[in-house]
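Notes for the one structure printed next.
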Amino acid sequence: MKTIATIVGARPQFIKVAPVSKALAATGAANEVLVHTGQHHDAGMSDIFFEELGIDAPDHNLDIHGGGHGIMTGAMLQKLEPVLQELRPDRVLIYGDTNSTLAGALVAAKLHIPVAHVEAGLRSFNRAMPEEINRIVADQLSDMLFASTETAVHNLRHEGIAPERIFPVGDVMYDAALQFAERAAERAGLLATLGVEPGRYVLATVHRAENTDDPARLSAIVSALETVAASLSVILPLHPRTQARMTALGLTFARVRTVPPVGYLDMVALESQAAAIATDSGGVQKEAFFYKVPCVTLRDETEWVELVDLGWNHLAPPSSVGMAEAILQAVGSSGKDAQPYGDGKAAETIAGLLTR
Ligand code: UDP
């Protein structure tokens, strides 16, 4: 029996952990200990995902949230070390690119505990992004790197990571999309509650620091979404950070319909019926593709380059004009058929590798 200490803390990690934890349990060969750093901590950003996706309650909750990167990551290092020292797991499992990912990698590496990284090799090649720093460090410190795409494998090879450490497994978010599709379809009633019809609205999300923390970019996004909303309904589940920055800057929406962050099943219901999706989220870009909904990425670059190549995703940098036009033009468009994220068995493959 292998003891695996899984470190999570933020919304996208709860979605990624759901299929992997299930697959690990199914092996009967792993004792998974779940550590929640507390990075996302309230009902709408954390609890709902554990309930809806059937993730076991965390074995440890470090209850760390708020503060800048240094304060948050420092507190995580301090609180995580004694937990891992006592547990002495066979391996630490980390996901994605948040401060919780970075802290998990650093503490484990210093304690000489091997680290496995899910969603390894993603690169924006923009080191101004905190996520990019977290990814690079996490990948360097991991000895099992689970890559979602061919591009991710290429990026890792290019950085000199030994081929035997790289495992092209597919994308666990695709697994989650397949596993929860039926239950999400039952949430279609949400559209009527919000007063929109299938295929007649744009779904938007904005939360990335490069957009929320730059007043010019945030105002440009608000204004572009307002322009779109003049001709097509726009639904925006508002991330707490974006809400806080908008309030601080006195920015408001007149036409765009904002709602508090929604759970995963409601989000999938909203994504899969949208005419187009406008987002700066990594996960939402992929989900748009899973549901064959055209996507406009409100960033200067994307890690999910295959979606741009296939024609499903269009970059619309908030630093330039043309965001609203790009979103309206995306409606009704489509891209090429392909399956760049595996066959829906990434979690099973990862569980097999972790327990071999
Ligand atoms: N998501 C959600 N509710 C929301 C917004 C997003 O459940 O109100 C889900 C979305 O479906 C995707 C994940 O959260 O699975 C993406 O997380 P986020 O955008 O916070 O982070 P990123 O993917 O950019 O790291």
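Counting starts at 1 for both ligands and their atoms, in listed order.
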What about Val284: any of its N or O atoms under 3.5 Å from an N or O on ligand 1? no
Using 4.0 Å as the upper bound for N to carboxylate O, is an ion pair formed by Arg123 and Glu159? yes
Do Tyr201 and Gln273 have side-chain N/O donor and acceptor atoms under 3.5 Å apart? no
Quick one: does ligand 1 sit under 4.0 Å from the side chain of Ser281, the backbone, both or neither, non-hydrogen atoms only? both
Any idea which protein heavy atom is nearest atom 15 (O) of ligand 1, and the distance to it? Glu287 OE2, 2.5 Å
Without swapping roles, check the side chain of Thr27 against the backbone of Leu24 for a donor-acceptor pair under 3.5 Å. yes
SB check Glu303 Lys286 (cutoff 4.0 Å): no
So, does Gln285 sit close enough to ligand 1 that a heavy atom of it is under 4.0 Å from the ligand? no
Just to be sure I read this right, does ligand 1 sit under 4.0 Å from the backbone of His239, its side chain, both, or neither, counting only heavy atoms? neither
Using a 4.0 Å heavy-atom cut-off, which part of Ile15 comes near ligand 1: side chain, backbone, both, or neither? side chain
Do the ring planes of Tyr341 and Phe290 sit parallel (below 30°), tilted (30 to 60°) or perpendicular (above 60°)? perpendicular
Checking heavy atoms under 4.0 Å, the part of Glu131 that sits near ligand 1 is neither
Is the distance between the ring centroids of His36 and Phe14 under 6.0 Å? yes
